[in-house]
Structures are given as C-alpha cells and as structure tokens.
Q: 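There's a structure below that I have some questions on.
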Amino acid sequence: MCFPIFHAWLTLLFFRLCAVTLRSRPPLVYCASRTARTASLLSAAPQLTQRDETSLEKTNLVSSLSSSHVSDMSTKVAVVTGSNKGIGLSIVRALCKQYQGDVYLTARDTGRGQEAVESLSSEGLKAMFHQLDINDLNSITTAAAFFKDKYGGVDVLINNAGIAFKGGDDDIMSTLPPSLCLSLSSGADTTAFAIQAEVTLKTNFFATRDMLTHFLPIVKAGGRVVNVSSFVGARTLNQCSPDHQQRFRSEDITEEELVGMMQQFVDEAKRGEHKKGGWPDTAYGMSKTGLTTLSMIHARQLSKERPNDGILLNACCPGWVRTDMAGPKAPKSPDEGAITPVYLALLPPGATEPHGKFVSDKEVQPW
C-alpha cells in the first residue's frame with residue numbers, strides 16, 4: 001500500500017514541477033525579450049540624441065550664418081585700393097570718421113596692410129582689411145567675390161592705387177610750377193622711358209581698368225565710384241596731338257578705342273616713336289589722361305545701362321600732396337588730399353551730379 005501511495009506522490013510532484021517550469025518559461029522569455037529590446041533602444045537612444053543635437057547645432061549654425069549674412073547684406077561697405085599709406089590711408093581715416101558702414105583698407109602686402117589697420121585702431125578708428133593687388137587679376141576677382149558674397153556688392157569704391165617714376169616726365173615738367181618741378185626732379189628716376197611707359201600704364205590705367213571691369217557690376221544701387229586721377233592728366237591732354245585730344249574729349253569714344261589708344265602709346269614709346277605719334281613725353285600724365293577718360297566712358301555706360309540705380313562715378317585730383325610719390329615740399333597734407341575723394345564718395349542719396357566729371361577741390365574742372 002505504501003509504494004503505490006509513494007508513486008502517486010512522486011507523480012504528482014513531477015507534474016507540479018512541470019507546471020511550475022511551464023509557467024516560469026514564458027515570463028523569462030518575455031523578460032529576456034523585453035530586456036534585449038530595452039537594451040537595443042537604450043543603445044540607439046544616444047545615437048538618436050546625438051543626431052538630433054548635431055542637427056540642432058547645424059540648424060543653429062545655419063541660422064547664425066544666415067543672420068550674419070543678412071546683417072552683412074544690409075551693412076554698407078566702402079573699399080579703398082592702395083590704402084596702407086599716403087592719400088589712400090587718409091581716405092580710409094576720413095571714411096572711418098564719416099561713413100556709416102564698414103570701411104576696408106586694402107593693400108597688396110598683407111603685413112603692411114595690417115599695420116595700417118592697427119595704426120588707425122590706435123587712433124580709435126575701426127577699419128577692416130582685405131588683401132588686394134590690382135596688378136594681380138586673381139587678387140581682384142577673389143576680392144570681388146568676397147564683397148559680393150559677404151555684402152552683396154560694394155557701396156563705395158575708391159580706386160586710389162597708383163605709381164609714378166619720380167621726375168621722369170620731361171614735357172609735363174615744363175608746364176608745372178617751378179617749385180613742383182624742383183621737388184619732382186630731385187633724385188629723378190633714370191629708368192628708360194620705354195619701361196616707364198609700360199610699367200606706369202600697366203598699373204595706373206590697365207590694372208585700374210581691371211578693377212572697374214570686375215567691381216562695377218557689383219556696385220549697388222546708390223553707389224559711389226571715385227577714380228583718383230591727377231591734374232597732370234588734364235595738362236597732358238593739352239600736350240597731345242589735336243586728333244588725340246579730339247578723341248579723348250569725344251562723347252562717343254568707346255572703352256575699346258581708349259584701350260587701343262593707351263596700348264598704342266605704350267607700343268610707340270617702346271619703339272621710341274611716341275612723339276612722332278602725337279604723344280607727349282610723360283608716362284604718368286598719359287596714364288591719368290586715360291583714367292579720367294575711362295571714368296567718363298563708364299559714367300555714360302552706367303547712365304545708359306543702369307539709369308534708375310543712382311550710381312555716381314567720377315575722376316578727381318587730390319592736389320599736390322606730401323607723399324612718397326610727390327615729395328615733401330607739396331603744400332597739402334595727405335588728409336587734405338583726401339578731402340575731394342571723400343567728398344565724392346559721400347555724395348548724398350538722391351544726388352545726380354557730379355557724374356562722369358573731373359573734380360578738383362570739390363569743383364568740376366574743364367576737360
């Protein structure tokens with residue numbers, strides 16, 4: 001009797017253990033599955049969070065850049081070439097005091113440009129710097145792209161960069177005041193005239209033309225363009241042959257024709273035939289005659305092609321100024337020489353004149 005009872009008891013115990021095991025397995029499987037899924041979610045969570053944060057950072061960055069871009073686009077900007085010293089530096093100094101916008105000092109040498117910016121900073125004036133060598137076409141296009149991208153263009157452009165061989169222009173010297181002749185002839189450069197003609201026109205006319213070619217399209221409505229020329233150019237014009245004078249003064253002279261005339265002068269100077277061709281013996285004077293004429297051509301083009309934009313473009317003479325180029329005996333300081341270029345750069349909104357003129361001492365001069 002005991003064995004059957006014991007067997008029955010073992011059988012009951014076995015089935016109870018099986019039941020417990022069967023009841024226990026599903027929760028264990030479920031928990032393992034839930035744990036795995038939770039672990040999977042937890043492992044994915046940092047990635048999702050990081051992705052979200054990165055996306056947010058990118059959104060904030062784009063928003064910040066967009067905000068900065070919009071701000072810059074609405075900020076006016078003035079650019080002055082060759083402005084790490086002399087008249088150019090004084091122009092920047094005056095604009096920093098008077099212009100409501102960013103003012104860029106430019107120079108071909110970054111070190112000298114930065115030093116000039118620091119010197120203005122020591123005066124409590126804020127100028128910005130961008131490298132620009134007008135004899136380097138890549139430098140011009142890079143600068144134009146920078147101002148187009150950052151500001152949507154430029155509001156004021158002052159083409160001040162230029163060179164001169166000291167005392168090398170014999171014909172024009174005879175037309176100048178004795179004191180100026182003495183100053184210019186002191187330590188006169190003896191470089192051959194053929195070289196003077198090629199080098200001077202390369203910078204003062206052809207490189208400045210490159211500047212205008214790439215920057216005029218990005219001058220914004222209401223913009224002001226000032227080409228720093230010289231009274232020497234006006235006097236040189238009177239030394240040219242009657243035929244040349246007539247073309248320089250003509251209102252139908254084209255830019256292509258003018259470029260051809262400037263190149264003709266250089267080519268004939270290199271052959272020693274410029275006088276026979278009706279050109280005076282002055283490279284600097286011819287470069288400025290060409291620049292003033294180019295200014296008038298571009299002003300007419302702007303009036304025709306962008307009549308509603310209110311852009312004013314002029315050439316000017318700063319006067320005889322104490323600089324490395326003109327010597328220490330000149331009557332005007334660089335700051336005084338900056339007066340007329342700055343006056344033209346700051347012609348008020350809505351002004352219609354002067355435009356396409358040659359200006360000295362803030363007055364339109366005959367051409």
Q: Compare all side-chain heavy atoms of L347 with those of P354 and state whether any distance is below 4.5 angstrom.
A: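 Yes, close enough: below the 4.5 Å cut-off.
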Q: Can you find a heavy atom in the side chain of V266 that is under 4.5 Å from one in the side chain of Q263?
A: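 They are in side-chain contact.
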Q: Side chains of D243 and S241 only: does a donor on one sit below 3.5 Å from an acceptor on the other?
A: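 No, because no side-chain N or O of D243 sits under 3.5 Å from a partner of the opposite role on S241.
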Q: Are L201 and S287 side-chain neighbours, meaning at least one heavy-atom pair lies under 4.5 Å?
A: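 Answer yes - side chains close enough.
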Q: S303 side chain to A299 main-chain N or O, any donor-acceptor pair under 3.5 Å?
A: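 Flag set: sc S303 to bb A299 pair under 3.5 Å.
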Q: Side chains of L291 and K288: closer than 4.5 Å at any heavy-atom pair?
A: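 They are in contact (side-chain heavy atoms under 4.5 Å apart), so the answer is yes.
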Q: Return the CZ to CG distance between F215 and D210, rounded to the nearest 0.5 Å.
A: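 Result: 11.5 Å between the selected atoms.
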Q: Among M262, M261, Q239, find the one that has a side-chain contact (heavy atoms from CB on, under 4.5 Å) with M286.
A: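 With M286 as partner, side-chain contact (heavy atoms from CB on, under 4.5 Å) holds for just one option, M262.
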Q: Is there a side-chain contact between Q365 and C317 in this structure, where contact means two heavy atoms from C-beta onward sitting under 4.5 Å apart?
A: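 No, too far: nothing below the 4.5 Å cut-off.
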Q: Within the structure provided, determine whether V226 and N159 are in side-chain contact (heavy-atom separation under 4.5 Å).
A: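 No; the side chains remain at least 4.5 Å from each other.
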Q: For residues D309 and V219, determine if any side-chain heavy atom of one lies less than 4.5 Å from a side-chain heavy atom of the other.
A: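 D309 does not reach V219 side chain to side chain.
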Q: Donor-acceptor pair, distance only, cut-off 3.5 Å: does the side chain of D155 make one with the backbone of G223?
A: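 No, D155 side chain to G223 backbone: no donor-acceptor pair under 3.5 Å.
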Q: Please state whether the rings of Y104 and F146 are parallel, tilted or perpendicular, taking 30° and 60° as the class boundaries.
A: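 The rings of Y104 and F146 stand perpendicular, inter-plane angle above 60°.
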Q: Please determine whether the number of non-hydrogen atoms from other residues, nucleotides or ligands lying under 6.0 Å from atom NZ of K202 exceeds 12.
A: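 Result for NZ/K202: open.
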Q: Tell me if a side-chain donor or acceptor on R224 pairs with a main-chain N or O of G222 at a distance below 3.5 Å.
A: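 Side chain of R224 to backbone of G222: a pair is present.
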Q: Going through the distances and angles, do F248 and C240 end up as a side-chain contact (heavy atoms from CB on, under 4.5 Å)?
A: CA-CA 10 Å; F248 281 126; C240 293; 4.1 Å; yes
Q: Do the charged groups of D335 and R93 touch, with an N to O distance under 4.0 Å?
A: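 Result for this pair is yes, salt bridge flagged.
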Q: Looking at I158, V228, L105, I87, which hits side-chain contact (heavy atoms from CB on, under 4.5 Å) with V80?
A: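 Going through I158, V228, L105, I87 one by one, the side-chain contact (heavy atoms from CB on, under 4.5 Å) with V80 is satisfied by I158 alone.
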Q: Just how far is it from atom CD of E257 to atom CD of E255, taken to the nearest 0.5 Å?
A: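 One finds 12.0 Å between CD of E257 and CD of E255.
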Q: Would the number of heavy atoms belonging to other residues, nucleotides or ligands and lying under 6.0 Å from CZ of R108 be above 12?
A: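 No, CZ of R108 has 12 or fewer neighbouring heavy atoms, counting only those of other groups under 6.0 Å.
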Q: For residues H244 and F265, establish whether the separation of their ring centroids is below 6.0 Å.
A: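 Aromatic pair excluded; centres sit 6.0 Å or further apart.
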Q: Run through T292, N204, T208 and flag the one making a side chain to side chain donor-acceptor pair (under 3.5 Å) with S229.
A: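 Option passing the side chain to side chain donor-acceptor pair (under 3.5 Å) with S229: T292.
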Q: If we ignore hydrogens and angles and just use 3.5 Å, is the side chain of T75 paired with the main-chain N or O of G101 as donor and acceptor?
A: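 Flag not set: sc T75 to bb G101 has no pair under 3.5 Å.
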Q: Does a side-chain heavy-atom distance below 4.5 Å link S230 with Y284?
A: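 Side-chain contact under 4.5 Å: yes.
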Q: Under 3.5 Å, side chain of K276 to main-chain N/O of E268, donor-acceptor pair present?
A: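 No; judged by distance alone, with no hydrogens or angles, the pair does not exist.
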Q: Applying side-chain contact (heavy atoms from CB on, under 4.5 Å) between L294 and each of T289, L258, V259, report the one that passes.
A: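 So, applying the side-chain contact (heavy atoms from CB on, under 4.5 Å) to L294 and each of T289, L258, V259, only L258 qualifies.
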Q: With a 4.0 Å cut-off on N to O distance, would you call R300 and E251 a salt bridge?
A: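 Salt bridge absent between R300 and E251.
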Q: Test your reading of the model: is there a side-chain donor-acceptor pair from S119 to the backbone of A116, 3.5 Å cut-off?
A: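 Yes; judged by distance alone, with no hydrogens or angles, the pair exists.
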Q: Would you mind telling me which of L313, V225, N314, L312 makes a side-chain contact (heavy atoms from CB on, under 4.5 Å) with L344?
A: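 Testing L344 for a side-chain contact (heavy atoms from CB on, under 4.5 Å) against L313, V225, N314, L312 leaves exactly one candidate, N314.
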Q: Does Q131 reach the main-chain N or O of S139 with its side chain, forming a donor-acceptor pair under 3.5 Å?
A: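 Flag not set: sc Q131 to bb S139 has no pair under 3.5 Å.
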Q: Are more than 12 heavy atoms from other residues, nucleotides or ligands located less than 6.0 Å from atom CD of Q100?
A: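 No, because the 6.0 Å sphere around CD of Q100 holds 12 heavy atoms or fewer from other groups.
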